[in-house]
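First listed ligand is number 1; within each ligand, the first listed atom is number 1.
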Amino acid sequence: MALFKPGNVEDFYELGDVLGKGHFGQVRRVCERSTGLYYAAKFQKVCKSTRGLHGVERDQVEREVAVLQLLSHPNIVTLKDLFESREEVALILELVSGGELFDFIAEKDELLETEAIFFMTQILQGLSYMHQQNIAHFDLKPENIMLSEKVSRPNIKLIDFGLAQRLDSGQEYRSNSGTPQYIPPEVIKYEPLTTAADMWSIGVITYILLSGLSPFQGDTDAETLNNVSEVKYELGEGPFRTTSDMAKDFIQKLLVFCPGDRMTADECLLHPWIKPITRKQMHKRNRSSINMKNFKKFNAKRKWKMSLNMVWMCTRLLSLQQRRRAGAEADPLQRECDSDVEDAQRSQNSAVLKTLGGSD
Ligand code: ATP
């Protein structure tokens with residue numbers, strides 16, 4: 001079990017600005033008082049009841065921490081310390097200060113496939129390392145792919161191991177969490193999951209990176225999920241007109257219905273798009289580029305949706321808090337019941353939020 005230090009983070013770290021927000025807390029820049037070094041503190045409210053969604057379940061935090069403690073790789077965020085107070089836990093993480101990969105790319109006027117491959121290789125190296133230890137991320141999406149620093153050739157850092165799992169042999173793991181655009185068919189069907197689920201998400205992310213379009217995006221979540229279940233996507237000439245055939249082949253070998261038939265991270269690293277063998281293959285990558293016009297549009301829409309979800313979530317939490325206060329003044333027994341209802345409701349809201357995160 002993870003060793004959380006009891007007590008106040010602020011005794012050891014000075015709190016700085018907010019770097020990001022999750023469903024149950026925020027991530028803040030912090031400065032370690034004893035060294036002057038900077039880190040990111042991920043604060044999360046922990047709920048007391050197992051069904052509750054006043055915060056993240058204690059088990060889930062333990063799982064995230066256990067996974068992070070097993071990982072040590074240049075492309076994966078590292079965990080330094082843990083704190084626990086009555087209502088909150090704080091994970092002290094390596095500070096990742098380069099922002100999201102997709103934002104970095106969207107600022108460019110043009111991007112050759114070779115530059116996209118520079119980033120894809122690092123993502124795959126991080127994944128290969130995790131998968132070798134039978135650890136799956138299960139929430140790969142642009143928001144969770146960050147850059148170490150704002151420099152011209154930054155390092156990738158994979159973050160948010162909140163849904164990550166160590167897959168012990170002989171034990172089945174099922175889940176229906178995730179964001180519709182990025183989840184594979186086996187998540188929708190609630191079938192046992194393997195590390196191949198991450199490889200599907202890599203296929204989706206590569207598709208978006210090259211074309212600026214989301215392969216399975218429908219007008220509604222139901223439509224998106226249906227497209228995923230039927231593996232209904234196109235590699236149309238329009239959005240992919242500047243894409244190499246090798247890149248298309250790479251995507252096609254990942255967006256495969258049967259998890260066992262998808263390329264693994266190690267196989268991806270040997271695919272000619274990532275590791276060309278012939279001079280001709282090398283040359284093709286240098287001449288192909290990503291569809292910047294579409295990509296910028298995709299990214300602007302993504303950011304807009306993220307901020308919209310955050311506003312919706314804050315409003316919802318405020319109204320729940322007000323209802324809770326009103327209930328507290330009424331009848332203590334009733335309050336207990338209300339809180340259960342709220343828990344179930346929040347559970348649904350949380351699932352919906354995850355869902356909304358990916359829909360148009
Ligand atoms: P969600 O509930 O949406 O899954 P979460 O509570 O698990 O979110 P994270 O996704 O880990 O939280 O972090 C939320 C945001 O905080 C990230 O999108 C990112 O912008 C920022 N962030 C997280 N970790 C770091 C870090 N180590 N360094 C810098 N910023 C970070």
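By the criterion of a heavy-atom distance under 4.0 Å, the backbone of Lys21, and not its side chain, is placed next to ligand 1. At a heavy-atom cutoff of 4.0 Å, ligand 1 is contacted by no atom of Lys157, backbone or side chain. Only the side chain of Val27 comes within 4.0 Å of ligand 1, counting heavy atoms alone; its backbone N, CA, C and O stay farther away. Using a 4.0 Å cut-off between heavy atoms, Val96 contacts ligand 1 through both its backbone and its side chain. Only side-chain heavy atoms of Val77 come within less than 4.0 Å of ligand 1; its backbone N, CA, C and O stay farther off.
Grouped with Met282 in a hydrophobic cluster is no other residue, since no side-chain heavy-atom contact under 4.5 Å to another Ile, Leu, Val, Met, Phe, Trp or Tyr is found.
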Original post:
Given Asp249 and Lys253, is the salt bridge (charged side-chain N to carboxylate O under 4.0 Å, His left out) satisfied, shown in steps?
Top reply: CA-CA 6 Å; Asp249 184 72; Lys253 289 186 168 138; 2.8 Å; yes
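Taking any N or O of Glu100, backbone or side chain, none lies under 3.5 Å from an N or O belonging to ligand 1. Taking any N or O of His23, backbone or side chain, at least one lies under 3.5 Å from an N or O belonging to ligand 1.
For ligand 1, the atoms sitting less than 4.0 Å from at least one non-hydrogen atom of Ala40 are 26 (C), 27 (N), 28 (N), numbered in the order shown with element in parentheses. Each of the atoms 5 (P), 6 (O), 7 (O), 9 (P), 11 (O), 12 (O) of ligand 1 lies under 4.0 Å from some heavy atom of Lys42. Within ligand 1, counting atoms from 1 as listed, the ones closer than 4.0 Å to a heavy atom of Glu94 are 26 (C), 27 (N), 28 (N).
When the shell of 6.0 Å around CD of Glu14 is examined, it contains 12 or fewer heavy atoms from other residues, nucleotides or ligands.
The ring pair (Phe, Tyr, Trp, His ring centres under 6.0 Å) test with Trp200 singles out one residue from Phe216, Phe138, Tyr182, and that residue is Phe216.
The closest side-chain heavy-atom distance from Arg302 to Lys141 is not below 4.5 Å. At least one side-chain heavy atom of Thr243 sits less than 4.5 Å from a side-chain heavy atom of Glu113.
Residue contact annotation: Gly20 has a non-hydrogen atom under 4.0 Å from ligand 1.
Checked by atom type and distance alone, the side chain of Gln26 never pairs as donor or acceptor with a backbone atom of Val18 at under 3.5 Å.
The side-chain hydrogen bond (donor to acceptor under 3.5 Å, both in side chains) search around Arg28 returns none, not counting sequence neighbours.
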